[in-house]
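Here is the structure we will look at, set down as C-alpha cells.
Keep in mind that the numbers below use all heavy atoms, side chains included, and drop hydrogens, waters and symmetry copies. Chain letters run A, B, ... following the sequence lines, proteins first and then strands; every chain starts at 1.
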Amino acid sequence: GQQLNQSPQSMFIQEGEDVSMNCTSSSIFNTWLWYKQDPGEGPVLLIALYKAGELTSNGRLTAQFGITRKDSFLNISASIPSDVGIYFCAGQRVMNRDDKIIFGKGTRLHILP
Amino acid sequence: EPEVTQTPSHQVTQMGQEVILRCVPISNHLYFYWYRQILGQKVEFLVSFYNNEISEKSEIFDDQFSVERPDGSNFTLKIRSTKLEDSAMYFCASSEIRTGIYEQYFGPGTRLTVT
C-alpha cells in the first residue's frame, strides 16, 4: 500500500531554533498536507499544497511540494514553546473517488527549556 | 469558526458489545470520513462517505463496521461487536471539496477503550 516515510521521528531543540522535517513517498500524490496534533486532540491542518514546486507559508511555517510529487518538507522558524506536538505529513491522490488521506508516522517536536 | 464535533470524548466498553460513535461535520461539507489512531501510531483511514453511500473503505473497515448519516447533521460509526484491538482514537473528518481544494478538517476524536 501507499506509505509515507517521515523524518526525523523526533527532534529536541532549543526555543528560538529553526526546525526542518520532511516526508517522502514511493507514490505520487497530487496534494500534500501538513497537520499538527496536540496530546488528546485531533489533527489540525497547518498547510495544504496543491501544485508541484509550490512553496507556501503560514506565519512561521513554510512547506514545499516537491517537483517529483513524491516529497514535501515543513520548516518552522524561530520555534516557541507552543510548537511542541506531533507533526504529520499527509498525501492525497484525489482521483476517481479516492480522496483519503495517507498519513506519515509523525515527527514529535520537543523544545528544551 | 465552524468545527467538527464528536461525542462521546471517551467510551469504555466490554469486548463483544456494540458501540456507536457520533460526529457532527461542518455544516456545508458534503464529504465525510472516519480515521483511527492506535495509541502512539499514525492516523489510518477507515472509510469515506458521500451522497449517502460509502465512497471507499480500507481493509480495516470490515463487516463489523458500518457508517450512517441518519439525519442532516449527524454522521455515525458503528462497531457491531468490539474487539480488544479496536481500542484507539477515532477521528471524524469532513471536507467541502471545492474545485482543486480537498482539505479535510478533523474532529477532536473519541477515545474508545475495549476491555
Close side-chain approach of [X] to [Y], heavy-atom, < 4.5 Å:
{"X": "A:Phe103", "Y": "B:Gln41", "value": "no"}
{"X": "B:Gln37", "Y": "A:Gln37", "value": "yes"}
{"X": "B:Val43", "Y": "A:Tyr35", "value": "no"}
{"X": "A:Leu45", "Y": "B:Tyr105", "value": "yes"}

Exercise. Heavy-atom pairs under 4.5 Å with chain B are the metric here; pick the option from A:Gly40, A:Ala48, A:Pro43 that has the most.
Key: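 The answer is A:Pro43.
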
Self-check item: Heavy-atom neighbours of A:Gln9 CD exceed 12 at 6.0 Å
Solution: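 12 or below, so no.
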
Quiz item: Is the number of heavy atoms from other residues, nucleotides or ligands within 6.0 Å of CZ (B:Arg111) greater than 12?
Solution: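 12 or below, so no.
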
Practice problem: May I ask you to check whether B:Phe106 and A:Phe88 place their ring centers less than 6.0 Å from one another? | Solution: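 So the answer is no for these two rings.
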
Quick one: do [X] and [Y] end up in the same hydrophobic cluster if we chain Ile, Leu, Val, Met, Phe, Trp and Tyr together by side-chain heavy atoms under 4.5 Å apart?
{"X": "B:Leu84", "Y": "B:Leu77", "answer": "yes"}
{"X": "A:Val84", "Y": "A:Ile76", "answer": "yes"}
{"X": "B:Met15", "Y": "B:Val19", "answer": "yes"}
{"X": "B:Val24", "Y": "B:Phe49", "answer": "no"}
{"X": "A:Leu109", "Y": "A:Phe73", "answer": "no"}

Quiz prompt | For the student: nearest non-hydrogen atoms of A:Gln92 and B:Gln104, plus distance | solution =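 Looking at all heavy atoms of both residues, the shortest contact is NE2-NE2, 3.3 Å.
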
Practice problem: First locate atom OH of B:Tyr35, then atom CD1 of A:Ile101, and finally report the distance between them rounded to the nearest 0.5 Å. | Solution: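 Here the interatomic distance stands at 4.0 Å.
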
Quiz item: From A:Ile102 CD1 over to B:Lys42 NZ, what is the distance, rounded to the nearest 0.5 angstrom?
Solution: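 These two atoms lie 7.5 Å from each other.
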
